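So you know, we letter chains A, B, ... as the sequences are listed, proteins then strands, and number each from 1. This is a predicted model, so every value here is computed, not measured.
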Number of protein chains: 2
Amino acid sequence: MITETILVVDDDQDLRESIVEILEDYGYKVTACATAEAALQAMKEDVPRLALVDNMMPGMGGMALLPLLKKDFPATKIIMITAFSTVDNAVAAMRSGADDYLAKPFKRDELLVAVRRALEEQKFAQQQTEPCMDEALACLSNQIRRQILTTLSAQGEMRFMDITRTLGIRDHTKVNFHLKNLKNNNLISQNRQKSYRLTSQGEKMLDCLHLLSKRISL
Amino acid sequence: MITETILVVDDDQDLRESIVEILEDYGYKVTACATAEAALQAMKEDVPRLALVDNMMPGMGGMALLPLLKKDFPATKIIMITAFSTVDNAVAAMRSGADDYLAKPFKRDELLVAVRRALEEQKFAQQQTEPCMDEALACLSNQIRRQILTTLSAQGEMRFMDITRTLGIRDHTKVNFHLKNLKNNNLISQNRQKSYRLTSQGEKMLDCLHLLSKRISL
DNA sequence: CGCTTTTGTGAAGCATAATTCACAAAAGTG
DNA sequence: CACTTTTGTGAATTATGCTTCACAAAAGCG
């Protein structure tokens, strides 16, 4: 997985160290290097969630580094740092793939705000394959649980032992295990009379299952 | 799981034993009992795939037993056996939940044909939660594999190390593991230049994923 | 009430999936 | 060619999910 690190790339040692200090004080894990070439090397060993890149550097400049980073590590967010800020420069940086743009000199809080926002965006992009998806799909990946959903859908409402017998499963605790699983994932619920039934979530899931099976068999 | 057993319920000892013999000769595992009450008890201990039930029995008759069986063990197929066969009787039996109807006297082969057909239907109903579904959903239940699918869909075609870097995963063998998995399930393929891309199956899957996530978030 | 069935819990064992590691062939590059 | 990166394999380990088992409270029933 991508690490929690932030990479700082700046040839100006004073500025670099002060950025690192601010970020580390705030609790971030930080790596720093002085050249674009070193940055590329560092990225290969440890892909950061965010890179702060200075525009003007001896050797490969920040503007040249940007597309390389974006190509090989598209998940990493990039904040461009520049001394002689102009509109054109800012626009060019953003067009080259920078996710934000910070003009020197900047205050501690300006830096932190930009970093936090970038990390938030990164997190969001990372989760695009949504987290609740994990549970849902794990739930559906078991045949017994799918059977429970379908029979519940067919019968509307069933008691524990009815389900077990319908599925023809000997060990009732086995069924119980899966019922608990489904209950924890809010796909089924249980009323005062102990009867199980699908929740609205569960019905949606079942719908999806049917959709899936149609699509797969195409 | 439901057992391979066939249950024979008939008060006429001669007929019962001859049925049992025919079925066992053919290789089926058979349980027999003489009354409806005994049958209900036997079902609780061992849910058969199929029950052969005589219509006329002292105590609870076959017609009374049918709805009870269907209620508690809907997965079990039922073949009604009757001596004084009429159309009305046959219709009534089928309406009460019998899956087939056999008039006495019947030949050995008539019995076997009916039994085979019933077992086939039972098997089919059992598999309704399709088998290929298992693999597909297991495949999708892993977050990394889903990420691979989505990034491949976004990029169209990617090489191995590009994928690993994009996902920000350190250990390339880990990605390889999941790529292999996806490849085995025919969701992605690899061309001569070693580039990975989605197969049509894979695209369908991804479609389904999007569908799912929309539904879930509703 | 005593007895059975239903519904349930939690721990132990087993099976499968996922990760890591050590290593290597193939491809690309100077 | 030597050297690096890419792409890959298989075994060992770890994590996770599933099943089984021993047991028990609650509900139903004579």
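- Within the structure, every side-chain polar atom (N or O) of B:Arg192 is placed at least 4.0 Å from both OP1 and OP2 of C:dA26.
- In this model, the phosphate group of C:dG8 is approached by a side-chain N or O of A:Gln190 to a distance below 4.0 Å at OP1 or OP2.
- Between B:Tyr196 and B:Phe160, the angle of the ring planes lies from 30° to 60°, which puts this pair in the tilted group.
- In this structure, B:Gln193 reaches neither bases nor backbone, as no heavy-atom distance under 4.0 Å exists between it and the strands shown.
- Here C:dT9 is the nucleotide among D:dC18, C:dT9, D:dT7 with the atom lying nearest to any side-chain atom of A:Lys180.
- Distance A:Asn176 CG to C:dT7 P: 10 Å, rounded to the nearest Å.
- In terms of phosphate contacts, B:Arg159 brings no side-chain nitrogen or oxygen within less than 4.0 Å of OP1 or OP2 of D:dT6.
- Distances shown here put every side-chain N or O of A:Tyr196 at or beyond 4.0 Å from the OP1 or OP2 atom of C:dT6.
- Across A:Lys183, A:Arg145, A:Gln143, A:Arg146, a single residue satisfies side-chain hydrogen bond (donor to acceptor under 3.5 Å, both in side chains) together with A:His178, and that is A:Arg145.
- A:Arg49 places none of its side-chain heavy atoms less than 4.5 Å from the side chain of A:Thr5.
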Would you tabulate the pairs of protein nitrogen or oxygen atoms and nucleotide nitrogen or oxygen atoms of nucleotides 21-24 of chain C closer than 3.5 angstrom?
unit_1, atom_1, unit_2, atom_2, d
C:dC21, N4, B:Thr173, OG1, 3.0

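- If you take CD1 of B:Ile163 and P of D:dT7, they are 9 Å apart, rounded to a whole angstrom.
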